[in-house]
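Questions regarding the structure given below will be posed in turn.
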Amino acid sequence: MTTPDITMNMTSIPAQGGPREPTAARGAEGEPKPAPRTEGEGEVEEVASVRETGDGPADAAGGTGALGPDAGAGGRAGESTETHGAAAGGFGGATAHAEGAADSSVVAGAGPVGRPGERATVRLRDRDAEPGEPPRYAPEWLRLREPADAAARARDVLDPLRVRLANLPGRTGALAVHDLGCGTGSMGRWLAPRLDGAQHWVLHDRDPYLLHFAAVGSPRSAADGSSVTVETRLGDVARLTPDALAGASLVTASALLDVLTREEVVTLADACTGAGCPALLTLSVAGRVELTPADPLDAEITEAFNAHQRRGGLLGPDAVTVACDAFAARGATVRVQPSPWRLGPEESALTEQWLRGWVGAAVEQRPELRDRAERYLRDRLAACAAGELRAVVHHSDLLALPRPTGGAS
């Protein structure tokens, strides 16, 4: 099997300060600590320019090329996780590690796991971090949600995207795809095999540990068998400029918009329209959840969670509307399609973790809900374990097609 060329370029975009990486997840020099090699797993040496060898990486479950979902650590750090903020009290939100953890195991292809008693969910912001600090994401959570993300993304936007990409002015060579807030790279794993032609993916994230997994887990070929190559860039998508996207054919992101501010969405729209390249921005939360069977507290939890998503000036469920307006004001044609998670008994592990974070964020926003929410969560988790709970978590996918410019490849 042909393996991809991987360039680790960690200085292309200035990084914004934020919470430090967990100590146990980093090497002696402060660089990402790669997962131990498993049978058949390719090696990646993290130097200025490397080539992957072997047959490709295996994920924690033993599969090839499925290291984590999209929900990447997108945005300034990552993609939306449906659980903005640390879950309160006993509701279970946790990062992969506490700061300064001395020892930890590392799951091959998934990143650090939590200490005993910690859940591999996600905290969007550390309690002691400054309000403007970017979120961090646990690779385990990203891997858990990847199948649901892949099933949810709207296929209807792909045909107009393919038409635009096939008719880019002055295009020569491979498509240049910039994946913003790539996390562990699930957007590339979903999209690259659905597009024809050679592709070069530039993976942007502010977490070097996740970038490692995104690089080694990247797809190897396009829909027509053409090659796919990858490079990584460490940095903050809020600082993007049209120059940063010079030569870009396409900008992608997954679960990104709702963890950005209005100003950051405008920056993103300016960068994409200035470069004249399409933007495919998937899985932005829509602020609506449907649970079956219904419970009288569903609406209050949803309302409190949506308010939590808007804390600190983040857009939360308003993100798609703001992004549509920003792109349209700059002359782009915008399409929006629904992309809901549909969670049933087969997705019970994801549903459990999502419930804990969703309810925990609601209680953090409205502490007076705590007593009723504890009962609510207990009942919901019991129904989930019994295979009796179904959830539809609504998202939206946005395709923006700016006017082409001479800068598009």
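Quick note: numbers below take in every heavy atom, side chains included, and nothing from hydrogens, waters or symmetry partners.
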Nearest non-hydrogen partners of S348 and C384, listed with the distance: O-SG, 3.5 Å
Side chain to side chain, I301 and Y376, heavy atoms closer than 4.5 Å: yes
Under 3.5 Å donor-acceptor, S249 side chain and A176 backbone: yes
Within 6.0 Å of CD in E290, more than 12 heavy atoms from elsewhere: yes
Shortest non-hydrogen contact from A151 toward R155: O-NH1, 3.5 Å
NE2 on H204 to CG on L234, rounded to 0.5 Å: 11.0 Å
Criterion salt bridge (Lys or Arg N to Asp or Glu O under 4.0 Å) on R380 and D298, from CA distance to verdict: CA-CA 11 Å; R380 286 306 197 189; D298 289 347; 2.9 Å; yes
Side-chain heavy atoms of Q353 within contact of R145, under 4.5 Å: no
Neighbour count >12 (heavy atoms, 6.0 Å) for atom CZ, R162: yes
Contact check, side chains of Q199 and S227, non-hydrogen atoms, under 4.5 Å: no
Beyond-backbone contact of L210 with P139, side-chain heavy atoms, under 4.5 angstrom: yes
Flag, side chain of D258 to backbone of A319, donor-acceptor distance under 3.5 Å: no
Flag, side chain of H395 to backbone of V393, donor-acceptor distance under 3.5 Å: yes
Heavy-atom check, side chain of L399 versus side chain of Q337, under 4.5 Å: no
C277/L250 under side chain to side chain contact (heavy atoms under 4.5 Å, CB included): CA gap, chis, key distance, verdict: CA-CA 5 Å; C277 62; L250 172 65; 5.8 Å; no
Ion pair D371/R375, N-O distance below 4.0 Å: no
Sidechain-backbone polar pair: D224 side chain, G197 backbone, donor-acceptor under 3.5 Å: yes
Given T252, L281, L268, the one that forms side-chain contact (heavy atoms from CB on, under 4.5 Å) with L180: L268
Side-chain donor/acceptor of E264 to backbone N/O of T261, under 3.5 Å: yes
P219 versus G188, closest heavy-atom pair with distance: CG-O, 3.4 Å
Enclosure of R403 CZ (heavy-atom neighbours >12, cutoff 6.0 Å): no
Distance-minimising heavy-atom pair for C182 and L211: SG-CD2, 3.5 Å
Whether W358 and W354 hold their rings parallel, tilted or perpendicular, with breakpoints at 30° and 60°: parallel
Evaluation steps, salt bridge (Lys or Arg N to Asp or Glu O under 4.0 Å), between R310 and D318: CA-CA 8 Å; R310 297 182 176 104; D318 305 320; 2.8 Å; yes
V322 and L260, any side-chain heavy atoms less than 4.5 Å apart: no
Residue pair L350 / W141, side-chain heavy-atom distance below 4.5 Å: yes
Residue pair M187, L280: steps toward the side chain to side chain contact (heavy atoms under 4.5 Å, CB included) verdict: CA-CA 10 Å; M187 185 65 169; L280 178 59; 3.8 Å; yes
Salt-bridge contact R372-D295 (side-chain N to carboxylate O under 4.0 Å): no
Under 3.5 Å donor-acceptor, R220 side chain and S218 backbone: yes
Heavy atoms of other groups near R330 CZ, more than 12 under 6.0 Å: yes
N-O pairing of R378 and E374 below 4.0 Å: no
Stepwise side chain to side chain contact (heavy atoms under 4.5 Å, CB included) check, T351 with L355: CA-CA 6 Å; T351 304; L355 274 169; 4.1 Å; yes
Min side-chain heavy-atom separation V363-L377 under 4.5 Å: no
Side chain to side chain contact (heavy atoms under 4.5 Å, CB included) between C324 and V336, intermediate numbers included: CA-CA 8 Å; C324 285; V336 177; 3.4 Å; yes
